[in-house]
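To start, the structure itself, in structure tokens.
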Amino acid sequence: MAAEHRRGNASWSIDWRLVAATFVLVAIALHLSPPLVAFAIIEVMIFALYASALNLLLSYSGMVSFGHAVYFGLGAYGLAITIAKFGWPMWAGVVAGPLVSAFFGLVYGALCVQLTAIYAAMLTLACAEITFAIVFQWFDFTGGDSGISGHVPAMMGLSPAWFGMVVLVVVTICILALWRVVHAPLGLTIRAVGENPVRAAAMGHGRKRVQLAAFVISAFLSGVAGTLYGIFHGNVFPEYVGVLFTIDGLVMVLLGGLYSFGAGIYGAIVYKLLDNVMAHYFEYWQLVIGVILVLVVLVSPAGIAGLVSTVAARLRGRAG
Amino acid sequence: MTAAPAPGNAAAALEVRGLVKRFGQFVALDGVDLRVAPREVRAVIGPNGAGKTTLINVLGGQLVADRGTVEVHGRRLGRQHPHQVAKLGVGRTFQISSTFRRMTVLDNMLYAHHAGGGRWFGLDAARLRRLREPAIAGLETIGLTHCADQVVDDVSHGDRKRLEFGMVLATRPTLLLLDEPTAGMGLGERQELIELVLSVARERGLTLVFVEHDIDAVFRAAESITVMALGRVFAEGTPDEIAGNAEVQEIYLGGRR
């Protein structure tokens with residue numbers, strides 16, 4: 001019987017060899033690359049975390065967030081305001097960033113889970129617009145449209161390679177933690193409620209508090225990504241909580257492939273690669289992203305993740 | 001909140017009085033009374049639109065009645081949400097089987113055992129590993145070990161119905177509400193499932209209320225039958241009594257021919 005269910009079992013445990021290999025490869029790449037490439041790798045890692053956090057909502061919890069940049073950006077604002085406005089040390093800012101995001105995730109999430117489907121999604125958009133307006137206009141506290149800078153040295157004063165190592169460690173820990181959440185009892189509840197709230201309720205699990213828990217976790221991890229981003233650039237602007245950063249995250253998850261854990265990671269890699277490469281050659285490169293996205297939705301809704309698992313299955317089949 | 005059970009009612013597993021449910025102008029339930037004893041196997045039959053599914057939905061908390069009361073084991077249901085009703089020991093299946101179609105059959109069962117534990121949070125993956133054994137045993141009970149690793153979307157309609165039943169069992173209900181458990185199944189499959197349901201209900205001492213269109217299954221399985229029509233209880237009795245009731249013959253059994 002045990003052998004019969006091995007496949008199901010394997011997909012639930014972490015493939016440590018894969019994690020270690022990826023970690024080592026990225027570390028080597030960071031140290032061998034010229035600064036510009038290292039910057040790109042750092043950006044990919046930060047967005048991989050942000051998109052993975054958003055993916056918890058999209059793929060598992062049955063929610064859509066049309067304003068997730070709020071929780072990303074507020075991480076950077078939490079960091080900046082704690083240091084620049086309250087005069088606290090840097091470590092306090094680093095702790096405050098994700099907590100500010102989680103707090104807003106709790107407040108906005110508690111509102112949004114009162115509704116379902118597109119109505120809940122519209123409410124996430126409304127919360128995001130309100131937040132953007134406040135951040136943009138409250139000049140004394142947030143720096144308004146000129147943002148805040150100079151509160152931390154960009155990359156903490158480290159070299160791109162070593163700041164990249166910090167980001168690599170933090171992002172790896174966060175994504176492993178997210179894996180644990182998804183594959184723990186809590187994650188199973190989130191997936192069940194997200195897929196079929198009527199059935200889950202009939203089994204004793206109410207929808208709202210489960211979705212709220214997912215929302216807060218997602219906001220917290222987005223906040224970690226945003227905090228890293230704020231340190232990376234040594235600044236924060238209203239754009240960080242704006243609609244473009246929201247769309248970036250959504251596109252990454254869709255590109256990566258819904259209903260797979262790796263969606264955010266794959267999506268961030270491909271999207272940022274296209275961003276960095278194509279922007280040099282083609283002014284309207286986002287048009288290309290648009291076309292690719294339409295193709296993904298039409299041809300392969302499982303996205304890049306679907307492609308990866310197909311190829312992996314092929315390879316495994318050949319090996320075995 | 002918990003009204004003291006009225007005298008003489010303490011023994012009932014399910015006690016429904018004067019239940020009314022309207023959808024706009026349409027009266028789906030028009031004063032339904034129902035009393036089901038513990039461990040009783042009760043079938044609810046009636047023509048389409050009689051209010052059978054509406055009744056089950058009110059009992060399960062999916063719908064809120066406009067008037068009337070429901071007591072489960074002497075505990076009054078108010079405006080509880082479905083998950084709160086479930087916690088009172090009421091398990092149910094749906095007319096169109098309701099499972100988690102993107103998950104594997106085993107993961108569905110694993111979730112059911114997790115839900116049966118009562119907690120929804122927790123980060124201890126080992127707890128899920130400990131649930132694998134009971135989950136596989138649960139699949140054995142309903143005869144679905146052969147497709148344990150298949151995604152539910154890929155298994156047959158009948159297997160999904162079976163799975164849903166098995167999942168509800170895993171939450172250890174005391175009152176089981178089945179809305180057309182065999183709808184859309186083949187004849188052989190139907191008999192197997194009904195026999196499975198009966199044997200499990202007997203073994204675990206469950207109270208069973210099931211809506212069913214398959215008249216043969218009803219008369220074979222049920223200890224008592226409630227006939228509904230136009231949102232009311234039209235007749236009630238043992239299978240023999242119902243079979244001998246001329247009015248029932250006319251409005252329902254005869255109407256099918």
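So you know, we letter chains A, B, ... as the sequences are listed, proteins then strands, and number each from 1.
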Exercise. So, the side chain of His114(B) versus the backbone of Leu186(A): is there a donor-acceptor pair under 3.5 Å, distance only?
Worked result: no
Problem set entry | Greatest number of heavy atom pairs closer than 4.5 Å to chain B - which of Pro185(A), Ala201(A), Ala200(A) | Pro185(A)
Exercise. Going by atom types only, do Thr99(B) and Asn196(A) share a side-chain donor-acceptor pair under 3.5 Å?
Worked result: no
Seminar exercise, completed: Rounded to the nearest 0.5 Å, the CZ atom of Phe100(B) sits from the CZ atom of Arg191(A) at a distance of 10.5 Å
Exercise. Considering only heavy atoms, which portion of Arg101(B) lies under 4.5 Å from any heavy atom of chain A: side chain, backbone, both, or neither?
Worked result: both
Exercise. So what's closer than 4.5 Å to chain A heavy atoms on Ala112(B): side chain, backbone, both or neither?
Worked result: both
Exercise. Quick one: does Phe94(B)'s side chain get under 4.5 Å of Arg199(A)'s, heavy atoms only?
Worked result: yes
Exercise. If contact means a heavy atom pair closer than 4.5 Å, which residues of residues 59-66 of chain B contact chain A?
Worked result: Gln62(B)
Problem set entry | Sorted by number, residues from residues 107-118 of chain A in contact with chain B (heavy atoms, under 4.5 Å) | none
Exercise. So how far is it from Met103(B) CE to Leu188(A) CG, rounded to the nearest 0.5 Å?
Worked result: 5.5 Å
Exercise. Between Ala86(B), Pro82(B), Gly122(B), which shows the greatest number of heavy-atom pairs under 4.5 Å with chain A?
Worked result: Gly122(B)
For this session: Could you have a look at Thr171(B), Leu128(B), Asp124(B), Leu131(B) and say which one has the most heavy-atom pairs with chain A under 4.5 angstrom?
Result: Leu128(B)
Seminar exercise, completed: If one checks every heavy atom of Ala202(A) against chain B at 4.5 Å, the contacting part turns out to be both
For this session: Would you give the length of the straight line joining atom NE2 of His83(B) to atom CE of Met203(A), rounded to the nearest 0.5 angstrom?
Result: 14.5 Å
Exercise. Ring pair (Phe, Tyr, Trp, His ring centres under 6.0 Å) between His205(A) and Tyr111(B): does it pass, once the steps are laid out?
Worked result: CA-CA 11 Å; His205(A) 285 154; Tyr111(B) 168 72; 5.5 Å; yes
Exercise. How long is the span from the NE2 atom in His183(A) to the CG atom in Leu123(B), to the nearest 0.5 Å?
Worked result: 13.5 Å
Exercise. Can Arg102(B) be said to sit on top of Tyr259(A)'s aromatic six-ring, NZ or CZ under 6.0 Å from centre and within 45° of the ring axis?
Worked result: yes
Exercise. Is Leu176(A) atom CG crowded by more than 12 heavy atoms from other residues, nucleotides or ligands, each under 6.0 Å away?
Worked result: yes
